[in-house]
K.L.:
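One structure, pasted below without further comment.
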Amino acid sequence: RFLRPFSAASRSIFFGRERDMAAFSDLWLSQDPSAMLVLTGASGVGKTSFLSARVMPWLEEGGHRLLQVRGTRRPLVQLVHQAARELGTPGVARDEDALPGLLDSLLQQDDRPIVLVLDQLEEVLTTGRSEDSHRLQAGLAGVLAASDGRVRAILSLREDYLGSML
């Protein structure tokens, strides 16, 4: 597999991480669940593989709708495009301010809880501008605060960038 991350398709050969998955599921299913979970670790420890081969299939099997972006300077814009595709309106131009309305439409469509998975989030800090980071923080806060717990987020980033996102 070399440096390519594992995926849902290769999850049958992704071994280990049972304790990590148990800890994640305990946090996800807790009585007072957080709207956002942050997965951090050193570069190369397998955060993307853990998300793709363990966490995301588990969430999908639990009935969640997943919107995932990885390693992009403007993740909210990518989430808007993905949500529009899910709604069957991919060609309609929208900016990141459209995300709350699109998520509401998805929730009305089939009432499945939505999980926003933002993997390799450090790319916002390394390839973007500081305004991209601020826009992401404000956009995520707004979406999560307005969702009544029906939209949650998982953020994955290298541990050396965690302080920059706070």
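Numbers for residues simply follow the sequence, beginning at 1.
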K.L.:
Look up atom CG in L102 and atom NE2 in H81, then write down how far apart they are to the nearest 0.5 Å.
P.N.:
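Here the rounded value is 10.5 Å.
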
K.L.:
Please answer whether the main-chain N or O of Q68 pairs with a side-chain N or O of Q82 as donor and acceptor at a distance below 3.5 Å.
P.N.:
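Yes, because the side chain of Q82 sits within donor-acceptor range (under 3.5 Å) of the backbone of Q68.
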
K.L.:
Under 4.5 Å between side-chain heavy atoms, hopping through other hydrophobics if needed: is there a path connecting L103 to L140?
P.N.:
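Same cluster: L103 reaches L140 through Ile, Leu, Val, Met, Phe, Trp or Tyr contacts under 4.5 Å.
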
K.L.:
Could you tell me the separation between the CG atom of L118 and the OG1 atom of T72, rounded to the nearest 0.5 Å?
P.N.:
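Taking CG in L118 and OG1 in T72, the distance rounds to 9.5 Å.
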
K.L.:
Would you compute the distance between atom CG of L76 and atom CG of D95 and round it to the nearest 0.5 angstrom?
P.N.:
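Going from CG on L76 over to CG on D95, the span is 10.5 Å.
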
K.L.:
For the backbone of L144 and the side chain of S147, can you confirm whether one donor and one acceptor N or O come within less than 3.5 Å of each other?
P.N.:
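Confirmed, S147 side chain pairs with L144 backbone.
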
K.L.:
Do any N or O atoms from the side chain of Q78 and from the backbone of V69 form a donor-acceptor pair under 3.5 angstrom?
P.N.:
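Side chain of Q78 to backbone of V69, a donor-acceptor pair under 3.5 Å: no, none is there.
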
K.L.:
Mind checking the CD-NE2 spacing from E131 to H134? Nearest 0.5 Å is all I need.
P.N.:
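Nearest 0.5 Å value for the CD-NE2 distance: 10.0 Å.
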
K.L.:
Dump the intermediate steps for side-chain contact (heavy atoms from CB on, under 4.5 Å) on L59 and V55, then the final yes or no.
P.N.:
CA-CA 6 Å; L59 289 167; V55 171; 3.8 Å; yes

K.L.:
Between the main-chain N or O of R85 and the side-chain N or O of T89, is there a donor-acceptor pair closer than 3.5 Å?
P.N.:
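Such a contact is absent between T89 side chain and R85 backbone.
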
K.L.:
Can you tell which of L37, L51, L39, L29 makes a side-chain contact (heavy atoms from CB on, under 4.5 Å) with F24?
P.N.:
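Option passing the side-chain contact (heavy atoms from CB on, under 4.5 Å) with F24: L37.
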
K.L.:
Between D119 and L157, is a side-chain contact (heavy atoms from CB on, under 4.5 Å) present by the stated rule, with each step listed?
P.N.:
CA-CA 7 Å; D119 190 17; L157 72 153; over 6 Å; no

K.L.:
Would you say V77 and L155 are hydrophobically clustered, going by side-chain heavy atoms of ILVMFWY under 4.5 Å?
P.N.:
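In one cluster with V77: L155, no.
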
K.L.:
Identify each donor-acceptor pair in which a side-chain atom of residues 109-117 lies under 3.5 Å from a protein atom, sequence neighbours left out, and give them as a table.
P.N.:
{"unit_1": "Q109", "atom_1": "OE1", "unit_2": "R65", "atom_2": "NH2", "d": "3.1"}
{"unit_1": "D110", "atom_1": "OD1", "unit_2": "R65", "atom_2": "NH2", "d": "3.3"}
{"unit_1": "D110", "atom_1": "OD1", "unit_2": "R112", "atom_2": "N", "d": "3.2"}
{"unit_1": "D110", "atom_1": "OD2", "unit_2": "R65", "atom_2": "NH2", "d": "2.8"}
{"unit_1": "D110", "atom_1": "OD2", "unit_2": "R112", "atom_2": "NE", "d": "3.0"}

K.L.:
Using the test ring-ring contact (aromatic ring centres under 6.0 Å, His included), find all partners of H64 that sit at least two apart in sequence or belong to another chain.
P.N.:
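Partners of H64 by the ring-ring contact (aromatic ring centres under 6.0 Å, His included) criterion, ordered by chain and then number, come out as W28.
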
K.L.:
Can any side-chain N or O of K47 pair as donor or acceptor with the backbone N or O of A42 at less than 3.5 Å?
P.N.:
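A pair under 3.5 Å: yes.
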
